[in-house]
Colleague: 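Here's a structure for you.
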Protein chains: 2
Amino acid sequence: MLGVLKDDGYRVTAPRRALLRALAETTEPLSVQELHAQVNPDYKPGDEESEEEINLVTVYRFANLLVEMGLVRRVEFGQGYYRYEREESQTGPHHHHIVCRQCNRVEDFHGCDLQGLTERLEGDTGFRIERHQLELYGVCPQCLENPAPDTRRTSGGRTVAVE
Amino acid sequence: MLGVLKDDGYRVTAPRRALLRALAETTEPLSVQELHAQVNPDYKPGDEESEEEINLVTVYRFANLLVEMGLVRRVEFGQGYYRYEREESQTGPHHHHIVCRQCNRVEDFHGCDLQGLTERLEGDTGFRIERHQLELYGVCPQCLENPAPDTRRTSGGRTVAVE
DNA sequence: GTAGTTGCAAATTGTTTGCAAGCCT
DNA sequence: AGGCTTGCAAACAATTTGCAACTAC
């Protein structure tokens, strides 16, 4: 993706290289905070030493740039913030996500097969349908075996223990 | 839904009645701002006169309560805020949404037919799948005929005109 | 009367913007 | 050199929380 950046007149810098690597090294969509942590391995909040820190703002700005360029897509799982992952043009076939509501793990899956549905709906509704987003929510095999203390989702989508 | 509230030991107040009415009167998922506007017909920001204003915080709190009670569900369309609509247990059959990326209109549709997919994936992944969320994005018939000035989505998901 | 509710102000959290300094090409 | 980038501080927007006053039951 460095090449695409360059070709479009954007510059290749150390922060951008690090961020692209972080995005390439995982299959899970990453939040800005996670990206920030990935590219700042030894960053501690309020740390005066970390000269080399890549700023959070830089992460936001570059993530947005990648989305505008169509290299990355933004997804959301009701957690109160966005997550970013490479576009399918960069990674391979069309996919969606299953999210574990207990540990928040996100897994990809393929074969959503919504062709028939979208065609039917274009006829029924008159919409031109351009894309779709599908998320499945449930409990992953690990959490099924290892049930956490009873939890519920607060309004913010964060999970908290119930007393 | 007033009955359910009462049965659970919650109180029925004027703001709550108004909010439930607003939710019942539309099929589109409403944002907190929209709910607030619905229940405060003649509210102008900074208006000293509006004695009877229902506070935004009250809207947030009640929306969250309804979600916790399972009477309302929270959906999101990448707009930077949540929207709320009555749960399917309250309104009828299972449905999803088509969103127009030009005018932001949201339309319901039925018959998503993901039974087969979820069963297959429960086998493949070991997840117990509890629910799913599907959004289709495109352009509605009105906007297809009446194309707006070229727009793009900013990082925040708000739509702005391109110079 | 008492616990559930509301409004107001203030705090939080996620994200964006203005601007001067710095760095890729 | 010159414009794209970065960092820092500050601004913004959505949402939550503390607390005293209020009200449904």
Side-chain angles (χ1 to χ4, degrees), chain A residues 2-3 5-20 30-37 39-40 43 45-48 50-69 74 76-84 153-158 160, chain B residues 2-3 5-20 30-37 39-40 43 45-48 50-69 74 76-84 153-158 160:
Chain A
L2 288 169
L5 273 184
K6 220 171 228 173
D7 293 348
D8 280 26
Y10 295 107
R11 295 190 182 161
V12 176
T13 63
R16 292 184 170 185
R17 250 188 282 267
L19 287 165
L20 287 180
L30 297 175
S31 67
V32 166
Q33 307 290 340
E34 289 167 345
L35 275 166
H36 182 252
V39 297
N40 294 299
Y43 172 75
D47 190 347
E48 303 297 327
S50 16
E51 293 287 333
E52 302 304 316
E53 199 217 327
I54 296 172
N55 197 288
L56 244 196
V57 175
T58 300
V59 181
Y60 274 109
R61 277 195 279 231
F62 190 50
N64 289 342
L65 175 61
L66 292 172
V67 170
E68 277 169 31
M69 295 181 66
R74 206 180 58 188
E76 54 190 343
F77 303 124
Q79 299 169 319
Y81 46 80
Y82 295 113
R83 293 179 167 276
Y84 300 84
R153 314 213 124 249
T154 68
S155 49
R158 281 149 244 136
V160 298
Chain B
L2 288 169
L5 272 185
K6 218 171 232 174
D7 293 348
D8 280 27
Y10 295 107
R11 293 187 185 164
V12 176
T13 64
R16 293 183 169 186
R17 251 187 282 267
L19 286 166
L20 287 179
L30 298 175
S31 68
V32 165
Q33 306 291 339
E34 289 167 346
L35 275 166
H36 183 251
V39 297
N40 294 300
Y43 171 76
D47 190 346
E48 304 297 325
S50 17
E51 293 286 333
E52 302 303 316
E53 198 217 328
I54 296 172
N55 197 287
L56 244 196
V57 175
T58 300
V59 182
Y60 275 108
R61 277 195 278 232
F62 190 50
N64 290 342
L65 176 61
L66 292 172
V67 171
E68 278 169 31
M69 295 180 66
R74 206 180 57 189
E76 54 191 342
F77 303 125
Q79 300 170 318
Y81 45 81
Y82 294 113
R83 294 180 166 277
Y84 300 83
R153 313 215 124 247
T154 68
S155 49
R158 279 147 245 138
V160 297

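Note: hydrogens, waters and symmetry copies are ignored here, and every other heavy atom, side chains too, is used. In what follows, chains carry the letters A, B, and so on, assigned in the order in which the sequence lines appear, proteins first and then strands, with residues in each chain numbered from 1.
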Colleague: Round to a whole Å and report the spacing from CG of A:L66 to C1' of D:dT5.
Modeller: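 In whole Å, D:dT5 C1' and A:L66 CG are 14 Å from each other.
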Colleague: Can you tell me how far C1' of D:dA13 sits from CD of B:Q79, to the nearest Å?
Modeller: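 That distance rounds to 14 Å.
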Colleague: Whole-Å distance between D:dT15 P and B:L35 CG?
Modeller: 11 Å
Colleague: If I take atom CG in residue A:L5 and atom P in nucleotide C:dT25, what distance separates them, rounded to the nearest angstrom?
Modeller: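 Taking atom P of C:dT25 as the reference, CG of A:L5 is at 10 Å.
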Colleague: Could you work out how much the helix from C:dG1-D:dC25 to C:dT25-D:dA1 bends, comparing the axis of its first five pairs with that of its last five, to 10°?
Modeller: 30°
Colleague: Compare every heavy atom of B:L56 with every heavy atom of B:E53, then report the nearest pair and how far apart it is.
Modeller: OE2-N, 4.5 Å
Colleague: Does B:L35 form a side-chain contact (heavy atoms from CB on, under 4.5 Å) with B:Y60? I'd like the steps, not just the answer.
Modeller: CA-CA 9 Å; B:L35 275 166; B:Y60 275 108; over 6 Å; no
Colleague: What is the distance, to the nearest angstrom, from the OH atom on B:Y82 to the C1' atom on D:dA14?
Modeller: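 Atom-to-atom, B:Y82 to D:dA14, this comes out as 10 Å.
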Colleague: Between A:Y82 and A:V32, is there a donor-acceptor pair closer than 3.5 Å when you use the side chain of the first and the backbone of the second?
Modeller: no
Colleague: Can you identify which nucleotide, out of D:dA14, C:dT15, C:dT5, has its nearest atom closest to the B:R16 side chain?
Modeller: C:dT5
Colleague: Heavy atoms under 4.0 Å is the rule here; annotate nucleotides 20-25 of chain D 5' to 3' with B where the base is hit, S where only the sugar-phosphate is, and - elsewhere.
Modeller: ---BBS
Colleague: Name all residues meeting the side-chain contact (heavy atoms from CB on, under 4.5 Å) criterion together with B:Y10; count only those two or more places apart in sequence or in a different chain, and write none if there are none.
Modeller: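 Result, side-chain contact (heavy atoms from CB on, under 4.5 Å) vs B:Y10: B:L5, B:D8, B:R16, B:L65, B:M69.
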Colleague: Can you see if the side chain of B:Y60 gets near the phosphate of D:dT16 - specifically, an N or O under 4.0 Å from OP1 or OP2?
Modeller: no
Colleague: Can you name the residues that form a side-chain contact (heavy atoms from CB on, under 4.5 Å) with A:T58, not counting sequence neighbours?
Modeller: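 Scan of A:T58 (side-chain contact (heavy atoms from CB on, under 4.5 Å), adjacent residues dropped) gives A:P15, A:I54, A:N55.
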Colleague: Could you list the protein-to-nucleotides 8-12 of chain D atom pairs, N/O on both sides, closer than 3.5 Å?
Modeller:
unit_1	atom_1	unit_2	atom_2	d
D:dC8	OP2	A:N55	ND2	3.2

Colleague: Measure the distance from CZ on B:F62 to C1' on D:dT15 and round it to the nearest whole Å.
Modeller: 18 Å
Colleague: How close or far is atom P of D:dT15 from atom CG of B:L56, stated in whole angstroms?
Modeller: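 One finds 9 Å between P of D:dT15 and CG of B:L56, rounded.
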Colleague: Specify the separation, in whole Å, of atom NE2 of A:H36 and atom P of C:dT13.
Modeller: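 It works out to 16 Å between those atoms.
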Colleague: List the residues meeting salt bridge (charged side-chain N to carboxylate O under 4.0 Å, His left out) with A:E76, not counting sequence neighbours, and say none if there are none.
Modeller: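 Residues passing salt bridge (charged side-chain N to carboxylate O under 4.0 Å, His left out) with A:E76: none at all.
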